[in-house]
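Every chain is numbered from 1, with letters handed out A, B, ... down the list of sequences.
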Amino acid sequence: MYAYDELDRTLINERVEEFRDQVKRRLSGELTEDEFKMLRLQNGVYLQLHAYMFRIAIPYGTLSSEQLRRLAHVARRYDRGYGHFTTRQNIQFNWIKLAELPDALGDLAEVGIHAMQTSGNNTRNVTSDQWAGVAPGEIEDPRIWSELIRQYTTLHPEFSFLPRKFKFAITASPHDRAAIKIHDIGLRLHRNAEGETGFEVLVGGGLGRTPFIGKTIKPFVHGRDLLSYVEAILRVYNQYGRRDNIYKARIKILVHELGIDKFAKEVEDEWQEMRDSDTALTLDDAMIEDIRSRFTYPAYEKLPHTPEELKKAAHDPLFERWRKNSVSTHKVQGYAIVTLSLKPVGGPPGDATADQMDALADLADKYSFGEIRVGHEQNLALPHVAKRDLPALWNALDKIGLATPNVNLVSDIIACPGLDYCSLANARSIPIAQELTRRFANHETADLIGRLHINISGCINACGHHHVGHIGILGVEKNGEEFYQITIGGRADENAELGALIGPAVPYGEVADVVEDIVEAYLALRARPDELFVDTVKRLGVEPFRERVYATR
Amino acid sequence: MTSPLEQKKIKITGPSVVTANRTWDGIVIYRTARQDWSAKLSDAAIVRTSDEARALLAESVADDVGAVGAYIAPVEIKESGKIKPGNLREHIRLQGVTIDLPVPA
Amino acid sequence: MPLVKDGKITGDEFIHVADDAEVPGGGAILLSSTRFLGDPEALSRRAGKTGVIWPNNRDLDDLVPYLDRLAVVALVFPTFRDGRAYSQARLLRERHNYRGELRATGQVLRDQFLFMLRAGFDSFEVKKPADAEAFAITVKRYSVFYQPTGDGRMTALHRRMMLRHSESASP
């Protein structure tokens with residue numbers, strides 16, 4: 001856990017009081033909606049179809065049990081008893097009253113939670129690997145750097161009014177769980193030939209109307225120079241990013257229009273100019289060490305690799321099924337990382353009730369040193385579970401509906417809130433996801449299909465990351481009816497790719513049938529049972545899938 | 001915010017209402033014929049021409065303190081006289097989500 | 001439109017001179033960038049104080065040679081959403097060492113005062129009188145800052161370092 005100190009807490013409290021004053025001025029008419037809109041967005045408040053929506057940051061996906069309980073409290077006290085985990089390590093409440101928001105923020109601030117910059121045209125919540133600090137093979141805990149960037153970007157006086165929103169993601173593992181290639185800036189921690197740690201910096205990734213995979217702007221930036229290099233990128237973007245057309249305002253368009261080499265040169269020139277200034281952002285070792293020292297790790301016990309409890313439980317096929325897809329290797333022997341599916345059959349992806357949050361907070365205290373993680377796949381995780389506790393934990397999770405054994409399988413669907421909640425949406429996402437989880441409710445079939453990610457967005461803004469779903473579903477509107485475009489072959493990891501359209505858009509009622517046909521085509525076309533869906537698409541291309549799926553349509 | 005310029009472009013093709021969200025709590029509201037707002041669609045002022053629509057919207061937008069994001073939305077008027085939302089989005093705004101909420105209200 | 005300078009509401013001694021109007025020999029005036037760049041040598045050496053209104057999409061390099069002869073540089077916020085002038089302000093102060101008055105003009109609102117102050121602005125043509133009156137309170141809203149800028153406020157990172165030093169130095 002990162003422990004906020006007095007300075008961090010003071011700033012969060014000052015932000016709450018500032019927002020309280022802004023809300024007061026809005027309700028009294030001192031501020032027009034036009035003026036207030038940006039101020040509320042800078043603090044995570046949207047207006048959706050039914051009410052205001054309140055988005056709270058969970059920086060780099062780390063939560064304490066105390067914080068999770070407080071989120072449950074906000075869900076109950078100010079909302080309708082549940083929250084929605086998003087694809088960027090945030091939680092959203094859908095029914096909040098503007099007049100009560102300052103109090104909700106005040107309650108959250110007491111446990112170090114805030115909503116700063118969870119929307120608006122500024123640098124957003126910094127996201128990272130939800131297994132940070134516990135994944136085997138990691139170079140270093142990427143949250144140290146995430147926190148440095150979080151602090152640096154919070155209420156930045158120069159970059160709070162950028163042309164458009166700006167998102168960072170950081171990974172320090174060979175396998176990218178943070179989707180860095182679809183972010184405005186993606187950072188990959190690695191070691192250079194001299195053994196120093198630094199970052200490969202990617203820029204200009206993003207989804208939405210004009211999707212791009214991020215391009216490498218600099219293969220190695222030393223850790224001490226990270227902030228100054230980032231500032232150079234932001235300054236070039238702030239000055240030259242387009243402000244005449246909202247659809248062309250993201251940095252990806254600037255990078256695309258200038259070309260990566262020209263953009264890189266602009267950044268390099270700016271960086272060289274600023275490196276010697278008085279306000280240089282060069283980090284010294286003591287500063288980095290200070291942040292590092294405030295991430296604390298549990299006092300792990302020395303435990304056997306395979307405890308008796310686990311051997312015994314292995315006879316239970318239900319436990320084994322859950323263990324196989326939910327339990328992952330921890331860097332410390334005898335411990336495991338446990339992913340908790342928020343994708344129950346027939347449920348809305350990413351939702352958790354206040355009761356589930358409270359119960360999970362208790363389980364985290366009992367089994368995971370009081371720590372919970374949130375991943376971009378809209379699932380949660382307990383990062384430090386002793387393997388001997390796995391059977392007991394599984395039983396307890398099952399009782400609160402958090403042991404659906406479908407992690408990374410076909411029914412582990414990412415979906416945005418869609419037209420049921422969102423004012424931008426053209427079509428519904430959640431009912432499509434629910435129908436698909438019912439179609440693939442048979443866990444044996446799902447095991448047979450193997451790893452397959454379905455991502456659903458209700459509009460071109462792509463909050464459901466449809467472009468990078470192995471199967472991507474995009475809701476569009478045609479003559480007042482909901483239609484869905486389907487792509488295949490996308491992925492969000494270190495081999496990130498955008499999916500390709502498989503055929504014409506299909507109406508609401510046919511989406512699940514088409515997806516079933518795609519999956520059947522894959523089962524027939526795959527070279528071996530362990531050839532993943534994306535690999536089959538990569539090997540064969542879209543055509544054989546199109547032929548099979550659309551032949552009879 | 002709808003600027004006067006954009007309002008000029010407004011053309012409606014059937015009966016319509018002006019809808020918005022109430023500022024202090026965000027709930028869905030409709031502009032009434034009494035220069036007020038109501039949470040009930042049945043209270044809404046119905047406009048049938050583009051001129052009427054423009055006028056009702058201008059009056060609604062002027063209440064910047066009470067309402068947020070006013071716009072014109074189509075409705076359907078049944079033979080019984082009952083007013084129904086004219087599209088899925090407006091149906092969802094009036095009736096709520098089309099799915100079961102995780103916690104029953 | 002009230003002017004806030006050095007934290008207080010004051011009268012504005014500068015007169016905006018239109019591009020087609022005659023430039024007076026004396027007195028404090030503000031000129032557009034186009035007018036100024038028409039004859040920068042003469043205009044920057046006139047007897048009265050001279051200031052330039054610099055648009056947020058024009059390269060500062062054209063202005064830099066005259067900075068030490070200018071009394072005011074006024075940067076523009078066409079809307080409060082357009083943040084380009086924050087970068088220009090920091091560059092003028094921190095890179096080009098401009099020490100004259102740096103004025104924020106355009107849509108200058110209360111909730112941006114502190115950002116502007118931190119970027120190096122020291123005078124503000126405030127759109128709403130109530131905002132101008134609230135200036136002093138508004139800019140005291142925060143006591144913790146995460147980024148170093150030319151305003152000299154100590155960052156949280158540096159304060160922590162100092163705290164550590166004093167802790168380890170004490171017996």
Centroid separation under 6.0 Å, is that true for the rings of [Y] and [X]?
X	Y	result
C/F121	C/F77	yes
C/W54	C/F36	no
A/Y237	A/F159	no
C/F135	C/F124	yes

Side chain, backbone, both or neither: which part of [X] has a non-hydrogen atom closer than 4.5 Å to chain C?
X	result
A/L283	side chain
A/L39	side chain
A/M38	side chain
A/T154	both
A/E270	both
A/N238	both
A/E273	both
A/L227	neither

Based on non-hydrogen pairs under 4.5 Å, which of [options] is most in contact with chain C?
options	value
A/Q239, A/H156, A/Q42	A/H156
A/G241, A/P163, A/G120, A/S160	A/S160
A/N13, A/I291, A/D290	A/D290
A/E30, A/E17, A/R15	A/R15

Is a donor on one side and an acceptor on the other found under 3.5 Å between the side chain of [X] and the backbone of [Y]?
X	Y	result
C/R35	C/D19	yes
A/E35	A/T32	yes
A/R275	A/L281	no
C/T105	C/E125	no

Task: Pairing of C/R159 and A/D5 as salt bridge, 4.0 angstrom limit - done: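 So C/R159 does not pair with A/D5 through a salt bridge.
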Open item on the list: Under 4.0 Å between a side-chain nitrogen and a carboxylate oxygen: does that hold for A/E14 and C/R141?
Closed with: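 Between C/R141 and A/E14 there is no salt bridge, as every charged N stays at least 4.0 Å from the carboxylate O atoms.
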Task: C/F145 six-ring face occupied by C/R153 cation (under 6.0 Å, within 45°) - done: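 Yes - C/R153 lies over the ring of C/F145, closer than 6.0 Å to its centre and within 45° of its axis.
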TODO: Among the options C/H158, C/M116, C/Q107, C/K128, pick out the one with the most heavy-atom pairs lying under 4.5 Å from chain A.
DONE: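 Greatest number of close heavy-atom pairs with chain A: C/K128.
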- [ ] Could you list all the salt bridge (charged side-chain N to carboxylate O under 4.0 Å, His left out) pairs where at least one residue sits in residues 51-78 of chain C, not counting sequence neighbours?
- [x]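 Every salt bridge (charged side-chain N to carboxylate O under 4.0 Å, His left out) pair that includes a residue of residues 51-78 of chain C, provided the two are not neighbours, is C/E41-C/R69.
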- [ ] For A/R243 and C/T79, test the side chains for any donor-to-acceptor distance below 3.5 angstrom and give the result as yes or no.
- [x]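 No, because no side-chain N or O of A/R243 sits under 3.5 Å from a partner of the opposite role on C/T79.
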Task: chain C contact residues among residues 20-28 of chain A, heavy-atom distance under 4.5 Å - done: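 Under the 4.5 Å heavy-atom cut-off, A/D21, A/Q22, A/R25 qualify.
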Which atoms of [X] are under 4.5 Å from chain A, going by heavy atoms: the side chain, the backbone, both sets, or neither?
X	value
C/L91	side chain
C/N57	neither
C/K127	side chain
C/R95	side chain

- [ ] Among C/R103, C/R93, C/K5, find the residue that satisfies the side chain to side chain donor-acceptor pair (under 3.5 Å) test when tested with C/D122.
- [x]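 Looking at C/R103, C/R93, C/K5, the match for C/D122 under the side chain to side chain donor-acceptor pair (under 3.5 Å) is C/R93.
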